Amino acid sequence: MPELPEVETIRTGLAPCLIGRQIQALEIRTPKLRWPIPEETLRRHTLHQTIRTLERRGKYLLAACGPGHMLIHLGMSGRLFLLPPDACAERHDHVIWTLDDRTRFCLHDPRRFGALLWIEGEWQGHPLLQELGPEPLEEAFDGDHLYVWSRNRRVAIKTLLMNGRVVVGVGNIYATEALFLAGVHPARPAHWLTRACCGALAEAIRQVLRAAIRQGGTTLRDYRQSDGRPGYFALELQAYGRTGAPCHRCATPIASLRLGQRSAFFCPRCQPLEESN
DNA sequence: ACGCCCTCCTGTTGGC
DNA sequence: TGCCAACAGGAGGGCG
């Protein structure tokens with residue numbers, strides 16, 4: 001499940017292969033992922049045009065090409081990679097681009113929660129992007145921002161962290177890990193968090209995301225870097241998926257619960273429901 | 001406005 | 001061994 005570190009890893013891996021290249025052919029083998037793929041629009045605007053930039057906003061990738069941008073979201077199981085020269089398309093290879101240096105790259109997504117859309121002109125005002133919160137690794141995101149957002153909100157803090165209007169790019173894995181690092185129970189109602197606690201949590205989010213980017217992301221099952229290697233942050237997970245295993249800090253077994261149809265993992269001792277001091 | 005729940009989809013896993 | 005239900009979840013959208 002690609003979150004910010006996975007999408008950023010894919011972006012940096014793929015950018016040198018794509019930027020400055022012209023799109024020579026576009027093969028759309030599946031008409032619809034999360035939404036219908038606008039095949040004719042993409043053909044009209046991107047064929048024989050040069051890919052100028054590859055940016056990331058939250059978990060979205062944006063490739064400037066022709067008079068607008070291709071928007072790509074990897075959903076749950078999406079991958080983007082260069083196809084080996086002689087490779088044939090396989091099951092779940094939904095879109096294949098051929099570039100002017102004969103390389104081909106592929107959008108592969110078994111669960112089809114991903115998206116490929118066309119944005120005319122600049123992407124900032126697009127409905128999917130304009131309401132998004134700050135990038136967690138930029139200055140606009142800090143403890144004050146989290147503190148303001150958490151006032152009068154009764155939702156579990158983990159649910160708040162996964163809300164893209166609050167902060168982008170933080171999904172189940174990194175919300176779980178940041179809460180562990182900050183010593184905050186995932187079900188703690190957001191408005192219980194103190195200012196200091198929000199500061200620690202914001203810093204934990206930034207720390208976890210930076211560490212995960214350094215490791216090339218987290219591979220649980222599907223995710224691969226654009227060169228095919230897994231992401232090695234899985235080896236550093238402290239809580240996610242570790243139900244019953246000893247906490248690396250205090251050896252208490254990691255517990256799990258469901259929050260808003262999502263699994264949450266935490267150490268009952270290191271992450272008390274109420275702030276202890 | 002907030003918060004809850006449903007939905008899309010397929011591969012994997014676990015129980016009987 | 002085989003079948004089937006449960007589960008995984010990003011995030012838009014609907015509803016109360």
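Since this is a predicted model, take the numbers as computed values, not measurements. Heavy atoms only: backbone and side chains are in, while hydrogens, waters and symmetry mates are out. The sequence lines fix the lettering, A, B, ..., with proteins before strands; numbering per chain opens at 1.
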Verify the distance criterion only: is there a donor paired with an acceptor across the side chains of Tyr174(A) and Glu6(A) at less than 3.5 Å? yes
Does the side chain of Glu236(A) come under 3.5 Å of the side chain of Gln215(A) through a donor N or O and an acceptor N or O? yes
Are OP1 or OP2 of dG9(C) and a side-chain N or O of Ser263(A) less than 4.0 angstrom apart? yes
What is the separation between atom CD on Gln261(A) and atom P on dC6(B), rounded to the nearest whole Å? 6 Å
Calculate the interatomic distance between Leu259(A) atom CG and dG9(C) atom C1'; express it in whole Å. 14 Å
Do Pro36(A) and Pro31(A) come close enough that some side-chain heavy atom pair is under 4.5 Å? no
Classify Tyr240(A) by what it touches in the nucleic acid, base, sugar-phosphate, or nothing, heavy-atom distance under 4.0 Å. sugar-phosphate
Note, Lys59(A) side chain near Pro2(A) side chain (heavy atom, < 4.5 Å): no
With salt bridge (charged side-chain N to carboxylate O under 4.0 Å, His left out) as the test, would you mind laying out the steps for Glu135(A) and Arg57(A) before giving the verdict? CA-CA 7 Å; Glu135(A) 288 286 332; Arg57(A) 177 75 174 100; 3.1 Å; yes
NA contact type, Thr159(A), heavy-atom cut-off 4.0 Å: base, sugar-phosphate, or nothing? nothing
Of the candidates dG3(B), dT10(B), dA8(C), the side chain of Arg154(A) sits closest to dG3(B)
When the distance from CG of Asn163(A) to P of dA1(B) is rounded to whole Å, what number comes out? 14 Å
Those residues of residues 143-153 of chain A lying under 4.0 Å from DNA chain B by at least one heavy atom: Arg153(A)
Take the protein atom NE2 of His94(A) and the nucleotide atom P of dC9(B), then report the distance between them rounded to whole Å. 11 Å
Pairwise side-chain hydrogen bond (donor to acceptor under 3.5 Å, both in side chains) hits with a residue in residues 94-110 of chain A, at least two apart: Arg21(A)-Asp100(A), Thr30(A)-His94(A), Ser77(A)-Asp109(A), Asp93(A)-His108(A), Asp101(A)-Thr103(A)
Measure CG/Leu160(A) against C1'/dC2(B) and give the value in whole Å, please. 12 Å
note: Tyr174(A), atom OH; dG9(C), atom P; distance rounded to Å ~ 13 Å
More than 12 heavy atoms of other residues, nucleotides or ligands under 6.0 Å from CZ of Arg269(A): yes or no? no
Between atom CZ in Arg111(A) and atom P in dA6(C), what is the gap in whole Å? 18 Å
Can you sort out the partners of Arg111(A) under salt bridge (Lys or Arg N to Asp or Glu O under 4.0 Å), two or more places apart, ordered by chain and number? Asp222(A)
Bend angle of the helix from dC2(B)-dG16(C) to dC16(B)-dG2(C), end axes from five pairs each (to 10°): 60°
Is a donor from one side chain sitting under 3.5 angstrom from an acceptor on the other, for His92(A) and Arg112(A)? no
Chi angles and distances behind the salt bridge (charged side-chain N to carboxylate O under 4.0 Å, His left out) call for Arg195(A), Asp144(A): CA-CA 7 Å; Arg195(A) 170 64 189 80; Asp144(A) 287 331; 2.5 Å; yes
List the protein contact pattern of nucleotides 10-16 of chain C with one symbol per nucleotide (5' to 3'): B for base contact, S for sugar-phosphate-only contact, - for none; contact means a heavy-atom distance under 4.0 Å. BBB----
Any Tyr223(A) side-chain heavy atom under 4.5 Å of Thr218(A) side chain: no
By salt bridge (Lys or Arg N to Asp or Glu O under 4.0 Å) - contacts of Glu39(A) (at least two apart): Arg43(A)
Starting at atom OH of Tyr223(A), determine the distance to atom C1' of dT12(B), rounded to an integer number of angstrom. 21 Å
